[in-house]
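Below you'll find the structure, written out as structure tokens, and then a few comments.
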Amino acid sequence: MTPPHTASGGNPASSAWELLLPAASAPARARGRSLQAALREAVRSGRLAPGTRLPSSRDLAADLKVSRGLVTEAYEQLTAEGYLRSGRGAGTWVGDAVRAARPRAHDLAPRSPGARADFVPGTPDLSLFPRSAWAAAHRAVLEDLPHRELGYPDPRGLPRLRTALAELLARRRGVVADPERIVVVSGVAQATTLLGFVLHARGLRTVGVEDPGSPQHSALYASAGLTAVPVPVDGEGLATEPLRASGVRAVVATPAHQFPTGIAYSARRRAELLDWARSVDGIVLEDDYDGDFRYDRAPVGALQGLDPEHVAYTGSVSKSLAPGLRLGWLLVPRSWAEEVVERKRTMDLGHPSLDQALFARFLERGDYDRQLRRCQRAYRERRDALVAALGTHFPGTEVSGIAAGLHAIASLPQRYGPQERFLARVAEAGVAVRPLADYAHADAAHDGGADGGRGGGTDTRVRLVLGYAHVPPARIHENVRLMAEAVTG
Ligand SMILES: Cc1ncc(COP(=O)(O)O)c(C=O)c1O
């Protein structure tokens with residue numbers, strides 16, 4: 001889809017609205033919700049720039065071939081949520097503060113520079129990046145690296161790095177790690193795309209994704225020509241009945257700390273998921289995006305360790321060092337290795353050698369373990385600060401998903417609802433937060449798992465996904481206080 005180009009204050013050509021907001025293609029009863037979700041997404045992603053004037057409800061309804069009432073309702077709802085603003089006489093515009101206060105839909109979004117307080121998940125504390133150790137490793141590698149290692153690298157990665165990674169993943173994550181089947185990639189994102197291309201080449205056109213889940217999974221698979229099929233997540237993990245019924249043969253999962261609900265998949269569900277993979281001759285892509293951080297629960301080993309022939313395992317340094325390094329790993333089953341490596345070769349001829357040699361040295365000398373220990377201590381303290389601050393400023397809040405990772409789920413007592421009003425008020429106060437509902441797939445065919453993040457039925461509780469790793473403990477308290485002031489003051 002080519003989105004219409006919108007200069008700030010401009011107006012996409014009317015014929016382009018259909019592309020931007022494909023509401024009429026949704027089943028009649030889901031049309032209103034689908035229109036609202038598409039509008040929200042267009043604003044958040046920046047495809048509709050702040051200040052863009054929207055067509056009148058009559059014109060947009062005609063363009064989209066939906067009833068005018070649906071458009072009016074969508075405009076009202078999004079105005080209440082702070083995405084749109086409406087002028088006194090007539091006219092509706094994309095709000096100016098939206099992107100500052102409520103950033104883009106996916107967790108890889110840049111931070112929100114205009115926000116006074118920011119709990120958007122996805123980024124570690126970049127000030128914890130070990131600059132001097134990194135600089136020392138850089139210097140040493142430049143001095144030692146043989147000339148030949150500056151040539152085109154093995155598309156799988158430098159043998160030295162793959163060996164060090166195999167040791168790390170076996171030791172820390174219980175992965176069955178054969179260096180021959182590790183591919184060094186530029187992050188989980190590239191691992192997902194690579195696997196997507198191979199699935200496509202094998203004739204697959206659909207892939208299961210967790211719902212609620214990370215929007216980036218669907219987007220990355222879409223870039224490989226695969227349609228994401230949302231599969232509900234319940235209290236134990238991906239629900240295997242709907243997974244079977246979906247007909248997919250590949251699914252992406254975050255078993256160690258489900259994104260975003262924060263649950264760890266139960267042992268039973270892990271076994272069921274592997275049974276499913278074997279029965280359809282399929283594959284699970286295990287995204288171990290924050291598996292390194294665990295606070296007060298026993299280690300949960302990687303799913304891959306239970307069945308390395310049906311699980312591809314991926315992780316990166318995006319949470320432990322910095323996402324800007326673009327460095328990660330993909331460990332593939334034997335029967336997938338050749339095709340995946342060939343894709344990596346045709347994609348970029350291999351990962352930059354200098355970065356690989358540097359990271360290999362960093363691993364070998366124990367610098368990476370030190371970094372993980374340092375981050376673990378810092379993030380545990382921040383998690384505790386968040387739980388305490390919520391207890392003080394939002395008494396009665398249930399906080400879940402806190403045993404691991406870099407974010408928590410806060411379910412506020414009913415009295416803080418409804419969620420739309422809460423979000424509008426905190427956005428106005430300059431606090432960037434993401435509701436759990438933002439991670440639910442708008443076009444899911446099923447009725448949602450656990451709570452699916454939708455807060456369905458009569459439960460209109462506010463449920464937030466609060467990223468805390470990038471916020472110093474003192475700020476955490478202050479930010480939660482700001483949020484409380486915004487909704488109670
Ligand atoms: C679910 C999930 N997977 C993966 C990543 C990291 O992707 P990458 O390794 O490409 O930076 C993130 C980052 O926020 C994430 O939330």
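Keep in mind it's a predicted model, so treat the numbers as computed, not measured. One-based numbering, in listed order, for ligands and for the atoms of each.
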Q. Side-chain contact, heavy-atom cut-off 4.5 Å: D307 with Q304?
A. no

Q) Would you call D367 and Q371 a side-chain contact if the rule is heavy atoms closer than 4.5 Å? A)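 No; the side chains remain at least 4.5 Å from each other.
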
Would one find an N or O of [X], backbone or side chain, under 3.5 Å from an N or O of ligand 1?
{"X": "S316", "answer": "yes"}
{"X": "A189", "answer": "yes"}
{"X": "P323", "answer": "no"}
{"X": "Y289", "answer": "no"}

(Q) Does R205 have more than 12 heavy atoms from other residues, nucleotides or ligands lying within 6.0 Å of its CZ? (A) yes

Under a 4.0 angstrom heavy-atom cut-off, which atoms of ligand 1 come close to [X]?
{"X": "R326", "value": "8 (P), 10 (O), 11 (O)"}
{"X": "S214", "value": "1 (C)"}
{"X": "G187", "value": "9 (O), 10 (O)"}

Q: Examine ligand 1 and decide if any of its atoms is less than 4.0 Å from a heavy atom belonging to G328.
A: no

Q | Heavy-atom nearest neighbour of atom 6 (C) of ligand 1 within options Q216, H217, Q190 | A | Q216

**Q.** Partner of T254 under side-chain hydrogen bond (donor to acceptor under 3.5 Å, both in side chains), chosen from E210, E286, H217
**A.**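 Of the listed residues E210, E286, H217, the side-chain hydrogen bond (donor to acceptor under 3.5 Å, both in side chains) partner of T254 is E210.
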
(Q) Is the distance between the ring centroids of F359 and Y368 under 6.0 Å? (A)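 When the ring centroids of Y368 and F359 are compared, they turn out to be within the sub-6.0 Å range.
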
(Q) Once you restrict to heavy atoms under 4.0 Å, what part of D287 touches ligand 1? Side chain, backbone, both or neither. (A) side chain

Q. So, the side chain of R370 versus the backbone of R365: is there a donor-acceptor pair under 3.5 Å, distance only?
A. yes

(Q) Keeping H351 on the side-chain end and V184 on the backbone end, is there a donor-acceptor pair under 3.5 Å? (A) no

